[in-house]
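Only one structure is covered here, and it is reproduced in the block below.
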Amino acid sequence: MNNTTSIQTTRGWAGFSRNRIISLSVLGVIFIVLALLPVMMPASYWITRLSEYMRYSILAIAWVLFSGPTGYMSLATAAFYGLGFYMAAILNGPLPFVVVVILAGIAAFLMAAR
């Protein structure tokens, strides 16, 4: 008997296992709820706190991805993060938010490429 047939029968949609499909579904629901939360509860204290926690966790994950395998301590990630937020604070008044985020990302990218 060929082992590949038994493995293929345990695979579900697009070759993912059942547990993987459930995990991706739960993550998708969490993402949708977090994306719609500011629309449902605008100007809430907890929305602001949650967004700050998410920003700092993304910064920590980026730093660990770089520093963990190499053992090299670099604060460049924090510097580019800070530059992006500084540019967003400067440009926030006259420009729409979506344009501000894109321009701040471009400014951090240009500084990193330099």
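Counting from 1, the numbers follow the sequence of the chain as shown. Since the structure is predicted, the reported quantities are computational estimates derived from the model, not experimental observations.
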Do Phe109 and Val98 belong to the same hydrophobic cluster, where Ile, Leu, Val, Met, Phe, Trp and Tyr are linked whenever their side-chain heavy atoms lie under 4.5 Å apart, directly or via other members? yes
Hydrophobic clusters here meaning ILVMFWY residues chained together by side-chain heavy-atom distances under 4.5 Å, can you tell me if Trp63 and Leu59 are in one? no
Let me check something: any side-chain donor-acceptor pairs from residues 19-43 under 3.5 Å, sequence neighbours excluded? List them with distances.
| residue | atom | partner | partner atom | Å |
| --- | --- | --- | --- | --- |
| Ser23 | OG | Asn19 | O | 2.9 |
| Ser25 | OG | Ile21 | O | 2.8 |

Nearest 0.5 Å, please: how far is CE in Met54 from CZ in Arg49? 14.0 Å
Membership question, hydrophobic clusters at under 4.5 Å side-chain separation (ILVMFWY): are Leu95 and Leu83 in the same one? yes
For Ser67 and Tyr72, indicate whether the former's side chain and the latter's backbone hold a donor-acceptor pair under 3.5 Å. yes
Determine which pairs satisfy ring-ring contact (aromatic ring centres under 6.0 Å, His included) with at least one residue from residues 74-97, sequence neighbours left out, and list them in order. Tyr81-Phe85
Of the non-hydrogen atoms in Gly84 and Ala104, which two are nearest, and what is the gap between them? O-CB, 3.2 Å
Do the side chains of Leu91 and Met111 join up, straight or via other hydrophobic residues, at under 4.5 Å, putting them in one cluster? yes
Side chain to side chain donor-acceptor pair (under 3.5 Å) with Ser51: which residues, sequence neighbours excluded? none
